[in-house]
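Presented below is the structure to which this report refers.
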Amino acid sequence: MWFYPGLEVEESVAAWFQIILPAVCSLLVVCRRCRTLLRDYTRDWGREETFSIFSSTTQPHVFFLAPQIPRMDKVKFTPSALTSSRGTLHMLQVIMCVLTFIVSAIWSQPNHTYWVYCMVIWALCPLLTLFITVIEMLLIHKLILYMCMDWDDFTTGMAMMSSLTTFSCAVIYGNFYARRKLIWGWGVTILAVISCLLYCIETFRDKRDASRSATYVAALPGFLKILEAFVSCIIFVSLIGYVGKPALQWCIVAYAIPFPIIPIIIITNIMTKLKKCLPFSIDKLVIIFLVISVLLYASAAILWPLYSFRDNPKPKDCPGNSCIWSIQFIVTFMTYINLLLFILDLVFTCLGICGFKRS
């Protein structure tokens, strides 16, 4: 039935109105903002074509047609995107990551979470780089720039993220798998270092280029979000010794709650036109999220070392590459790092909302 069980028809109608009316009002607000946005872009891109509907009792309503977007009747192939220094650097990144992935897959350690993490990074980074190269080679990024996002900011942010993740893979592989008698481990570590250097070179070039914009991801707020997500990944691949310990299981919940929200915040801020159409302030929601994240990580910063190292002193023979105590210490250290990052992010976000801006 369309009415709620146990309620009269009149009460059911009132309940439905309480649900539907706010949703309709929010939809109207979004439509109104989209219309205003469309009018602004129509004025920017060309002649504003309008038509009016006149009524004898109301004021005329003006409807705005679609703006004149850049014509892309045919996808154009631009080889200069590959022959330029940027395109050459991208191809080197793809080749080195794929080569590192193949060499590591031949000498596999499939039962280790760190090995799985490195393999995922060496697979995703070249795919992302190849995607960016194809978009720029076909000039589709100009349409993307007009429609939704700041392409320069996005690509610079992805280069920074790839630099961080490939650096972590180089350190992890060098610490866990490089041995004196294992040539494969040293070979993969050297290839991982070269891949990291290539992404660092791109990041340095993009940040030094004054013509490239840095609106969110390549600026401090977005970079802090990338660091928070990166540290969370290191925590997740290092989790160990929590079975049968409710306090440590709560810490895992505290780590897991903020993690999926961070990409949503990043995507919403990258999609500038989507952000302008929202009927609420995303910055205020970010502050609420950061406060909750700080509280969650503060509880984990207390509980994880307390229940991991209580009656568990460091063994005398505890090599850094295979000692459970050392891995639990990594989780503790990264927990404090992420807590500090969330606190800094909260402070800078509050200062930005209050109007304190860097000159």
Item to complete: For the residue pair F309 and F329, categorise the inter-ring angle as parallel (less than 30°), tilted (30 to 60°) or perpendicular (more than 60°).
Response: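 The arrangement is tilted - the two ring planes meet at 30° to 60°.
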
Worksheet entry | From CA spacing to verdict: side-chain hydrogen bond (donor to acceptor under 3.5 Å, both in side chains), W122, S195 | CA-CA 9 Å; W122 289 326; S195 302; 5.4 Å; no

Taking the side chain as C-beta and beyond, is there a heavy-atom pair between [X] and [Y] under 4.5 Å?
| X | Y | result |
| --- | --- | --- |
| W115 | Y173 | yes |
| T113 | F236 | no |
| C233 | F259 | yes |
| L124 | L128 | no |
| T349 | P221 | no |
| F230 | L341 | no |
| T129 | E202 | no |
| C251 | Y307 | no |

Item to complete: Show your reasoning for whether side-chain hydrogen bond (donor to acceptor under 3.5 Å, both in side chains) applies to S232 and N338.
Response: CA-CA 7 Å; S232 299; N338 231 11; 3.1 Å; yes

Practice prompt. Quickly, which of Y255, W304, Y297 forms a side chain to side chain donor-acceptor pair (under 3.5 Å) with T335? Name it, please.
Written response: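 Of the listed residues Y255, W304, Y297, the side chain to side chain donor-acceptor pair (under 3.5 Å) partner of T335 is Y255.
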
Fill in: Pairing residues for Q328 by the side chain to side chain donor-acceptor pair (under 3.5 Å) criterion, not counting sequence neighbours
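With sequence neighbours excluded, Q328 shows a side chain to side chain donor-acceptor pair (under 3.5 Å) to N312, given in chain and number order.
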
Please answer whether the main-chain N or O of [Y] pairs with a side-chain N or O of [X] as donor and acceptor at a distance below 3.5 Å.
| X | Y | value |
| --- | --- | --- |
| Y199 | C125 | yes |
| S238 | V331 | no |
| S168 | T165 | yes |
| N269 | I265 | yes |
| S104 | F101 | no |
| Y336 | A301 | yes |

Item to complete: Start with the C-alpha gap between I261 and K225, add the side-chain angles, then the distance that decides, and say whether side chain to side chain contact (heavy atoms under 4.5 Å, CB included) holds.
Response: CA-CA 10 Å; I261 304 177; K225 298 293 189 303; over 6 Å; no

Rounded distance [0.5 Å steps], [atom1] in [X] versus [atom2] in [Y]:
| X | Y | atom1 | atom2 | result |
| --- | --- | --- | --- | --- |
| S85 | H90 | OG | NE2 | 9.5 Å |
| I267 | F154 | CD1 | CZ | 9.0 Å |
| L227 | I337 | CG | CD1 | 10.0 Å |
| L295 | L339 | CG | CG | 10.0 Å |

Worksheet item: Considering residues at least two apart in sequence or located in another chain, which fulfil the side chain to side chain contact (heavy atoms under 4.5 Å, CB included) criterion with I292?
Response: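 With neighbours one apart ignored, the set is I288, L296.
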
Worksheet entry | Criterion side chain to side chain contact (heavy atoms under 4.5 Å, CB included) on T133 and Q93, from CA distance to verdict | CA-CA 11 Å; T133 304; Q93 292 167 354; over 6 Å; no

Do you know the tightest heavy-atom contact between [X] and [Y]?
| X | Y | value |
| --- | --- | --- |
| L248 | S308 | CD2-OG, 3.7 Å |
| C196 | T166 | CA-OG1, 3.4 Å |
| P305 | T332 | CB-CG2, 3.8 Å |

Worksheet item: Where do I287 and L346 land on the side chain to side chain contact (heavy atoms under 4.5 Å, CB included) test, with the steps shown first?
Response: CA-CA 6 Å; I287 286 183; L346 177 61; 4.2 Å; yes

Item to complete: May I have the step-by-step check of side chain to side chain contact (heavy atoms under 4.5 Å, CB included) for M161 and I266, ending in yes or no?
Response: CA-CA 12 Å; M161 184 192 68; I266 294 175; over 6 Å; no

